[in-house]
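The block underneath contains the structure these notes are about, expressed in structure tokens.
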Amino acid sequence: MILSDVFERVKQNVSIEQVISYYLPKTELRRAGKNLVGLCPFHQERTPSFTVDREKNVFHCFGCGVGGDTVKLVSLALNLRPLEAARQICRDFGLPVDRPATPEAKREAKKAARRHKAKADLDLMVHMVHEELSAWYRAINRVLALGWPAYIEFAEYAHLLPVIEYWLDILDHGTAEEKIEVLKQCS
Ligand SMILES: [Zn+2]
């Protein structure tokens, strides 16, 4: 089942008033035009700035700035992450909760997370080494541009330039394996 399904199901079936009276029963709301207002359950106040828009099914507090939809309200009230809050609402209001993931799906998700992390780590390393190599490349060029005396002193570095250029090219455009190879050589 797709994640967004559970949010959609809550949205379609449960109103903001229902979740307020279920999860924050002490909140008293009165009509004000087409909205409802009351004392904010999320901060201390004496004049009501907690506003509920029944048409749009959202809430907003002009005092502390919190606001959002039914799921947001329950995630604040119960200190849950949005998905957990949505599932909780489904359970409490008799709506189907998504099926627990199969062991197979869990393994796949773990693998995907590992792949994602490995890629992020590689990207970071590539970025750092790229910066360092670029700095070297610029420094060597600067020294060589100074002309003969410096050139002779640093001549041994001159031959590094094409190598660095080649490495930078791989870090920019190479495959993951090629990049890893360059990182090994540079470390
Ligand atoms: Zn508030």
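Just so we're clear, the structure is a prediction, and the values are computed from it rather than from any experiment. Every number for a ligand or one of its atoms is a count from 1 in the order of the listing. We number each residue from 1, following the sequence as shown.
- In this structure, CG in Leu171 is found 11.0 Å from CG in Asp123, a value given to the nearest 0.5 Å.
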Side chain to side chain contact (heavy atoms under 4.5 Å, CB included) between His43 and Ser49, worked out: CA-CA 10 Å; His43 86 280; Ser49 40; 4.1 Å; yes
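- Protein atoms of type N/O/S that fall under 2.8 Å from the Zn ion (ligand 1) number 4 in this view.
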Take Phe93 and Tyr22, measure what ring-ring contact (aromatic ring centres under 6.0 Å, His included) needs, and give me the verdict at the end. CA-CA 10 Å; Phe93 283 82; Tyr22 191 93; 5.3 Å; yes
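- Counting only residues at least two apart or in different chains, side chain to side chain donor-acceptor pair (under 3.5 Å) contacts with residues 61-86 comprise Glu84-Arg87.
- Note: His159 and Tyr157 fail the aromatic proximity criterion, with ring centroids not under 6.0 Å apart.
- Here CD of Gln18 is found 12.0 Å from CG of Asp92. Values are rounded to the nearest 0.5 Å.
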